[in-house]
Structures are given as structure tokens and as C-alpha cells.
Asks: 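The structure is given below, and queries will be raised subsequently.
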Amino acid sequence: MSGNTITHKVTAVGERIGTTRDASVTRHRAARELGLRRSEFELAVQLGRVRTVPDDAGGGPRVPRDEIDRIRAADGFPEALRTGVRTVGTTEGAALMDVTTGRFTRLARLGLLVPVKFYVNRYRAVVWLYLAEELRQFSTDERNSALLRGRTPEGLRDQLREGLDLRPRNWRGRHLGFLLRQADDPWARAAAVASLLDPAEISDVVTDPYERSHLRRFRPELAMHSSPGSPAAQLADEIATATDPDEIDWLRSDLAAAVETARGHRPAPRAGPALPDPEPAPRGATEPAPRGMTELVRPGAEDLSPPEKERPRWLSGLLGRLRRGDS
């Protein structure tokens, strides 16, 4: 290959990168121009309300300039955008829905209110956050009036007494949807699924050490404001790891299919030694909240709102009878 050919190709690549970067801005600048705090902007990206593109220069995802113009030109900007990403905790959410905090927590444990984020506070308690917009929609739906005002049906009370709490599992399903929406590589999609499984489950499904090593290179990090290895970080890791047999089976099946797809797209590199599998994380003294999970449909990536199809089938049937006024 001649020197001129190499020069032309390098120049062409440089021009393409320059064009891409000129037509887009960093996430930090995009958040500033859209009037969003960093956490609000990240949630807007996860929800698909702000589109990002890969950086050809190898940096983090960027926001196209025309995407910012589109959002700013929309009716109700910026209030509508901020309203769409506003999150609330249990106390504020209960006040928004005009119910007691106890009833709000029961609805969330039953899987009727799906958290969008969580964090572990300084007392090592899990604080769940919900989209205010979704809570408002739930409370204004006449079909839910009996759940908001009436006595909780006996079947649901029995489930709650047995320790049912679908919040962690619902969050995992939604979080996986966020990760898959942002994954732009087949191996990244496989790593997103693997991020919700225990390392032992991953090793059982992905037996090739080079492929496991490649998956770890793409593994998304759980955004938490805790020191690695701290009790709060361990608790967050436990919440982010599937524990119910049926959920694990779904994820194992999805992981096997995703790795098969990624392998066909581009085999895992084998030039160097595979990274060793990580040691199992030590369990802290603080145990996670009870998670008496029951059957829930497979987490999806396309619809990130909490539709009725995400509810356990037994719950959907019972709610249907309650709304019809059946005993």
C-alpha cells in the first residue's frame, strides 16, 4: 500500500470523526443545554427520551446536536422533560397518590408500582425511587380505585404476609431493559444479561474462559455512590443479582442465546490469556430485605414502562376480579 493511500485513508477517518464530533456534544453539555441535572439526564437517556450516539474517537456516548434541537422545540419544554424524569420516594409518592405510606409500600411490594432506581442510604436501608409520572397515571386510572381506597384483597394480604416483595425483581427487569437499549454491540448485550447473574451461573452457561473474559470487559457497572466492598455496595450487588429459580432460568437462556449471537458476529479474542474468574464476593453482616418473589414475565428491552404484562399472572387475575367487583 502506497504512502499516499495510507494518508488518504487516515485523512478520511479523521474527517469522519471530526464530522461526528462537530454534529454532537458531550453528555455533560447536553444535560446543561436541556436544563437537567446529571441524574435526570442519565435517566432520560435510559428511558429513551434523549438519544445518544457512539463517539467515533473512542470516548463516551454523545448527544447529536439535532436531538437537542428536537427536544428543545417540543411543546412544554423544559417543564415537560423535567416532569417526565422526576423521581420520588415512598413518602412523596404516597402523598402524590393521596394514600398512606403503608398502602403505597404494599402496592409496590405487589409489583403494581415499579421502581426505576434505588440507593442504599447511610443506615444501609434500601430507598426505592419511582417515576412521579407513572404514579400519577396509576392513581388517576379508575380501574385502580379499589386498590387505592378499599381493603386489600385477602389473597394479596396472604402473599404480603408470606414476604412477597417484587420491587428488586421488577427493578432488575427494568434495569436490564435500560442496559439493552444502550448496548450497541452483541457482546455488550450479552454482558448486560450476564450482569444480573451470579458468576457461578455465568460460568455454567459460558464455559469458554476467553468468552467469559470478553464478557467482563463489556460488563456494565452498577452506578452506586458506595465504596467497592462496603456493606452498602454488597447490598446493592445482592439486589442486582437474580435469586429466584425461574428468573435465573430466563436469564441463563437469554445469556446462552446472546452469546451465540455475539459469537457469530465476532468471536471472542484469544491473543492473550483469559482473565481469571472473580472470587465470590464476601457476604456482609447486613442481609437484604426479604424477597419472596413469585412468577413474573421475562424482562424485556423494548417497553420500559411497567405495563400490566409485567405483573404475575396470579396477581393480574385477582386484580381483574377485584375491578369487576367479583368476590
Asks: Salt-bridge test for Glu40 and Arg86: reply yes if a basic N is under 4.0 Å from a carboxylate O, no otherwise.
Replies: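 Salt bridge between Glu40 and Arg86, a charged N being under 4.0 Å from a carboxylate O: no.
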Asks: For the residue pair Leu196 and Thr241, establish whether any side-chain heavy-atom pair is separated by less than 4.5 Å.
Replies: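 No, too far: nothing below the 4.5 Å cut-off.
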Asks: Look at Arg72 together with Asp69 and state whether they make a salt bridge at an N to O cut-off of under 4.0 Å.
Replies: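 A salt bridge is absent here (no side-chain N lies under 4.0 Å from a carboxylate O).
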Asks: Salt bridge between Glu260 and Arg263, side-chain N to carboxylate O under 4.0 Å?
Replies: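 Here Glu260 pairs with Arg263 in a salt bridge, since their nearest N and O are under 4.0 Å apart.
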Asks: Could you check whether the rings of Phe178 and His175 sit parallel, tilted or perpendicular, using 30° and 60° as the cut-offs?
Replies: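 Answer is perpendicular, since the angle exceeds 60°.
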Asks: Hey, can you tell me if Phe118 and Trp171 have their rings parallel, tilted or perpendicular (30° and 60° cut-offs)?
Replies: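 The arrangement is perpendicular - the two ring planes meet at more than 60°.
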Asks: Less than 4.0 Å between a side-chain N and a carboxylate O, is that true for Glu33 and Arg65?
Replies: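 A salt bridge is present here (some side-chain N lies under 4.0 Å from a carboxylate O).
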Asks: Do Leu179 and Leu215 share a hydrophobic cluster (ILVMFWY, side-chain heavy atoms under 4.5 Å, transitive)?
Replies: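 Per the 4.5 Å side-chain linkage, Leu179 and Leu215 are not co-clustered.
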Asks: Taking the basic N atoms (NZ, or NE/NH1/NH2) and the acidic carboxylate oxygens, is any pair closer than 4.0 Å for Glu134 and Arg174?
Replies: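 Between Arg174 and Glu134 there is a salt bridge, with a charged N closer than 4.0 Å to a carboxylate O.
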Asks: Below 4.5 Å, heavy atoms only, C-beta onward: do Arg169 and Asp244 meet side chain to side chain?
Replies: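 Yes; the side chains approach each other to less than 4.5 Å.
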Asks: Can you tell me how far the CZ atom of Arg143 sits from the CZ atom of Phe138, to the nearest 0.5 Å?
Replies: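 Nearest 0.5 Å value for the CZ-CZ distance: 9.5 Å.
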Asks: Supply the atom-to-atom distance Arg136 CZ to Asp141 CG, rounded to the nearest 0.5 angstrom.
Replies: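 One gets 14.5 Å once the value is rounded to the nearest 0.5 Å.
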Asks: Taking only Lys NZ, Arg NE, NH1 and NH2, and the carboxylate oxygens of Asp or Glu, determine whether Asp185 and Arg266 approach each other closer than 4.0 Å.
Replies: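 Salt bridge between Asp185 and Arg266, a charged N being under 4.0 Å from a carboxylate O: yes.
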Asks: Nearest 0.5 Å, please: how far is CZ in Arg37 from CG in Leu43?
Replies: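 Leu43 atom CG to Arg37 atom CZ measures 11.0 Å (nearest 0.5 Å).
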Asks: Go through it in stages, so that I can follow the logic: the residues are Glu133 and Arg49, the test is salt bridge (charged side-chain N to carboxylate O under 4.0 Å, His left out), and I'd like the CA-CA distance, side-chain angles, deciding distance and then a yes or no.
Replies: CA-CA 14 Å; Glu133 187 176 56; Arg49 300 184 182 183; 3.1 Å; yes
Asks: Do His214 and Phe218 have their ring centres less than 6.0 Å from each other?
Replies: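 Distance test on ring centres: under 6.0 Å, yes.
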